[in-house]
Amino acid sequence: DGTNRVEELMAQHGEMPLGVFILVLCAAVLHAGWNLALRTVKGHLGIAIFGAIFGGAICTAVAIATFEWDRPFGDVRRPVAMAIASGAIHAVYFMLLATGYRQKSGTLSTLYPIARGSG
């Protein structure tokens with residue numbers, strides 16, 4: 001039963017902190033707004049590139065601000081490789097999303113649920 005599982009998880013981990021909930025809500029609103037903006041400009045690739053760079057800059061700033069600077073760095077090759085792979089995957093995602101919105105059939109109601117589930 002799903003209800004029992006939720007209660008079990010809440011007993012183990014407690015309730016979601018309000019700050020986390022607000023961040024999740026903001027992420028959902030930004031994602032929907034981003035898709036609406038990209039659809040409004042009919043998938044202009046320049047806007048998609050700007051969005052990718054802007055999003056990457058925000059994520060980089062958050063990563064730097066929250067990094068535990070007092071801990072030893074250790075081997076950074078794996079996290080750097082993962083960051084590069086993530087950037088490449090998102091570049092393809094943004095190009096495909098822009099291409100989808102440039103199509104006549106690329107409606108928000110069609111592409112947004114797909115993008116939300118895959119991005």
Side-chain angles (χ1 to χ4, degrees):
D1 180 18
T3 305
N4 291 338
R5 179 71 178 138
V6 170
E7 290 173 1
E8 179 183 320
L9 287 171
M10 285 184 69
Q12 282 179 331
H13 303 286
E15 295 181 2
M16 180 185 296
L18 181 60
V20 172
F21 177 75
I22 290 171
L23 284 174
V24 170
L25 189 60
C26 286
V29 169
L30 288 172
H31 195 276
W34 163 249
N35 274 270
L36 181 61
L38 193 56
R39 175 61 186 142
T40 302
V41 297
K42 295 181 176 41
H44 189 278
L45 193 55
I47 300 297
I49 291 169
F50 171 78
I53 291 170
F54 183 73
I58 289 174
C59 289
T60 301
V62 169
I64 289 170
T66 59
F67 188 78
E68 296 179 24
W69 292 100
D70 57 337
R71 295 183 63 179
F73 285 101
D75 187 7
V76 297
R77 289 177 292 183
R78 185 172 180 182
V80 168
M82 291 173 68
I84 291 169
S86 176
I89 290 167
H90 277 87
V92 171
Y93 165 77
F94 279 115
M95 289 187 332
L96 290 173
L97 190 62
T99 301
Y101 280 130
R102 279 196 303 270
Q103 307 301 316
K104 279 188 140 193
S105 61
T107 64
L108 191 62
S109 62
T110 302
L111 287 176
Y112 178 72
I114 294 169
R116 187 74 181 134
S118 65

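The CZ atom of Phe54 lies 3.5 Å from the CD1 atom of Ile58; values are rounded to the nearest 0.5 Å. Expressed to the nearest 0.5 Å, how far CG of Leu23 lies from CG of Leu18 amounts to 9.5 Å.
Using a 4.5 Å cut-off between side-chain heavy atoms of Ile, Leu, Val, Met, Phe, Trp and Tyr, with links allowed through other members, Met95 and Ile89 fall into different hydrophobic clusters.
Considering all non-hydrogen atoms of both residues, Thr40 and Leu36 come closest at OG1-O, 2.7 Å.
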